[in-house]
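Have a look at this one.
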Amino acid sequence: MKQNRNISPDGDRLMAVIGCEPSVDHFLQKAAQSLHPGKSEWFIACIEPGMGAGHISRKQFNENLTLALLSGARVIHLLDSDIVGALSNLISKYGINRLVIGNFKPAKLPFGGSAGLLIRQLQKCNPEIAIIRINMKNESEKIDTARFSVSTGIKEYLLAVAAVVATTAVCFPLRDMIGYQTVGLIFLILTAILSLILGRGAVILTAIMNFGIWNFFFIPPLFTFHIDNIHDIIMLFANLAVAITGGSLITRLRRNQADLELSRSNITLLYSLLESLNNANSIRDVVAKVRSELERHFNADAIVYLREKNGDSLENKVFGNSEYHNNEEFEYACSVFALKEKPVVRMLNERTSIQYFPLSAQSGPVGVIGIATETGKGVSDDKLIFLKSFVTQITSALEREISIDKAKENQVYQESQKLFQTVLNSVSHELRTPVSVISSAVSNLLDEKTAADPENRKTICADLETSARRLNQLIENILDMSKIDSGYLSLDLKPCDISDLVGVVMNHMKEDLQDHVTRVNVPDTIPAVSIDMNWMKQAILNILRNAVTYTPAGSGILISAKADNLSVTIEIEDNGPGVPGSSLVHLFDKFYRVPGSKSGGTGLGLTIAKALIEAHNGKINAENRPQGGLLVSITLPKTV
Amino acid sequence: MDSGSAKPRILIIDDEMQIRRLLRITLEANGYLVAETDNGKNGTLMAAMEHPDVILLDLGLPDTDGLQVLERLREWSTAPVIILSVRDEEKTMIRALDSGADDYITKPFNTGELLARIRVAIRHAMRTDESPIFTMGNLSVDLTSRIVKVNNEEVRLTALEYNLLSLMIRNAGKVLTHAFIIKAIWGNAYADNAQTLRVHMAQLRRKIEENPSIPEILITEPGVGYRLVQD
């Protein structure tokens, strides 16, 4: 059956269906040929055989699943109960418009179901899609003999025989008392009960034995197979019919239950894996979680290689267990990544075998995972199928983390661009102002008319000096910041009295502090701390300069110190206007300036102070005083 | 050495032409004779030829390390050397001071400060200030009778404090490194003497400074040492 419909190449979504049939590679190749390059999305539905399937089916399915994972398609993994329903769900979920079916053979389809029957049912449910049948000829089908061996162990048969013999032994002496027809009823009940417990074969055996024994030992004439009464014949056949129908019903029920059990345990497992992957918050974390889950559920370990950020090949960077890494393995992983090689189990050394799977996401290949198990103790077939769907989940988790990383990088880039712009604006303004003051002051000095007046000269020179100081401060700040940023900052720690430190700062700031009322309160009892005096002086200078610059003339500034058992605290407070609450948290951010503050300053001073104090293992904090004004406190650990 | 009436000679070793020119103008205006060069090799040569009274040496020279120039000078010359440095060079500064430099001044400097340093250096070199009474603000120290007065009231110092003070006075205006002071006072350089020095200096300040929290006589040169200010 081949239906071709005109479909728009835009939004073409094709789904191939595979199960346990052999030679899916050719089928998948043919299916892939019908894709519109660049326009089609393609999916492969892998229908996993249930518990009842024999191990050949299972093995074949594993191979098929591997091929599917290698094909670059999005692989969806289904269990084979209600195939039509499950496929219809997928069709509507993913908006599939074309379905390709080859020699699809699920492990079991009721009544030896064929692909034809499946197609008819699917078409009925999904009239809007095109279903394409690709017949793969000249392929000898392996017959999965195991499929027919319905699992009823020898124990079940023995139990059936024992039950029948016991019933017979009990009923035979009582046959006159209760009558042979009642015994027939008892046998019927026995069959019905056993059909609930045992498999189909054992139940049928029970029915046949009942049939014979009842006829021979109970139905008159005794010890013959002759039957006079027509009721008895009906009773006999009823016994047989109950046994067969009940038996097969119960067998099917049990098999479904086993399937459900398997899928339930698989779902629980997958859920726990997914949950763990979802909680991962970096590529390394994903890999670490993958390793621990593999260890827990499969007794396996992993190594992961990822694709280069801006390239098409694998990056030689190991995630996971680096013991599995060597050049040869990496080259092999690369060839698996390029889909040049079908993943096979490779023996890494005598103890460890490793199998590489490509991690292919929709957006393209992400990387390769090597799953290592103990040699000779690989993952069981049952779990292997599951392992592969886990690999799909790993892929999406990694893909997620990679795109998050990318987004973050992008954000960082944009922020640094923004920062650069801010720096440029603020620094260029800060540089230009004093430079333009200097150049105009100089031209004023050169102008004889202006320079003739000594008052003018004095003013001009004062301007020159202020500008030079401002430039010097700016340059020092920028140099300090770059020194801190480059990590070049090295501290020469020596015991130092806080009073000495504050004295040095006050001496340095003498001229700047002229317009403010400054008070120093550093008790003699404050112990010495181990600091780099020059850098700490710089930190306090910056804080103090801030207080001087952003408070009106005449404001008070208090520098005080206190000590407790563990630390020494230096506080610089003023009674100026303080800082708006929303700005307080940003006060130490690089290039941050409180909105509306007067010009001058780069927003570096407090950042430098913070960095320097933190380099001393200290803490800096800024808060508004309840009575108004800003309080900056520096806490240094006592080390002497 | 030239006689006191002649103009003192100053040799500038700095590779920045603008700085040299500025220094020359300033120094000549203040009555000094100036010789200058832009590299270390010439510097050592000119020091031998010009017999300068003070050498201004920039540490960042293009041809040789300023410290090497200093060491070579010190092999035969006792002329005071003032180092011109930039901030963040404290470690180099200490090395320079310990290998014979007399003082340092940090760029950018104002000329008043530079001239004061030069005066101090010349005075020390000529040993013309060995007056037995030292006064500075409210402090007066009689170095012969070992009497220290603040606001005309005698202050009792311990022997160590007095030794420290008199050392600083004898080197008034000059920066003294920790190592120099420790060696001068204790005669050796045990590490824990640095701690002791810090403690004694704080005590001395409490006794002679008007406001010990902002000292004006004995000031700290962070990371380098101490200086007794002289006006």
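Chain identifiers are assigned alphabetically (A, B, ...) following the order of the sequence lines, protein sequences preceding nucleic acid strands; residue numbering begins at 1 within each chain.
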> Distance from Met506(A) atom CE to Asn211(B) atom CG, nearest 0.5 Å?
Replying inline: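 Taking CE in Met506(A) and CG in Asn211(B), the distance rounds to 8.5 Å.
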> Using non-hydrogen atoms only, which part of Val504(A) is less than 4.5 Å away from chain B: side chain, backbone, both, or neither?
Replying inline: side chain
>> So for atom CD, which belongs to Glu154(B), do other residues, nucleotides or ligands contribute more than 12 heavy atoms lying within a distance under 6.0 Å?
In response: yes
>> I need the residue from Asp532(A), Leu501(A), Asp524(A) with the largest number of non-hydrogen atom pairs under 4.5 Å to chain B.
In response: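 Most pairs with chain B among the choices: Asp524(A).
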> What option among Pro215(B), Gly223(B), Pro222(B) has the most heavy-atom pairs under 4.5 Å with chain A?
Replying inline: Pro222(B)
>> Does Glu511(A) have more than 12 heavy atoms from other residues, nucleotides or ligands lying within 6.0 Å of its CD?
In response: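 No, CD of Glu511(A) has 12 or fewer neighbouring heavy atoms, counting only those of other groups under 6.0 Å.
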> Hey, what do you get for CG (Asp500(A)) to OG (Ser213(B)), rounding to the nearest 0.5 Å?
Replying inline: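 It is 11.0 Å, given to the nearest 0.5 Å.
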>> So for Asp497(A), is it side chain, backbone, both, or neither that comes closer than 4.5 Å to the heavy atoms of chain B?
In response: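 Backbone plus side chain of Asp497(A), per the 4.5 Å heavy-atom cut-off to chain B.
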> So does Lys619(A) have more than 12 non-hydrogen atoms from other groups sitting under 6.0 Å from NZ?
Replying inline: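 Check fails, neighbour count at 12 or below.
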> Measuring from Lys494(A):NZ to His178(B):NE2, what's the distance to the nearest 0.5 Å?
Replying inline: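 If I round to the nearest 0.5 Å, the distance is 7.0 Å.
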> How many angstroms lie between CD1 in Ile214(B) and NZ in Lys510(A), if you round to the nearest 0.5 Å?
Replying inline: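 Answer for the CD1-NZ pair, Ile214(B) versus Lys510(A), is 9.0 Å.
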>> I'd like to know if Asp492(A) and Lys91(B) make a salt bridge, using a cut-off of under 4.0 Å between side-chain N and carboxylate O.
In response: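 Looking at Asp492(A) and Lys91(B), the cut-off is not met.
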>> Counting only heavy atoms not in Arg625(A) (residues, nucleotides, ligands), do more than 12 fall under 6.0 Å from its CZ?
In response: yes
>> Please determine whether the number of non-hydrogen atoms from other residues, nucleotides or ligands lying under 6.0 Å from atom CZ of Arg95(B) exceeds 12.
In response: no
> Is Asn151(B) atom CG crowded by more than 12 heavy atoms from other residues, nucleotides or ligands, each under 6.0 Å away?
Replying inline: yes
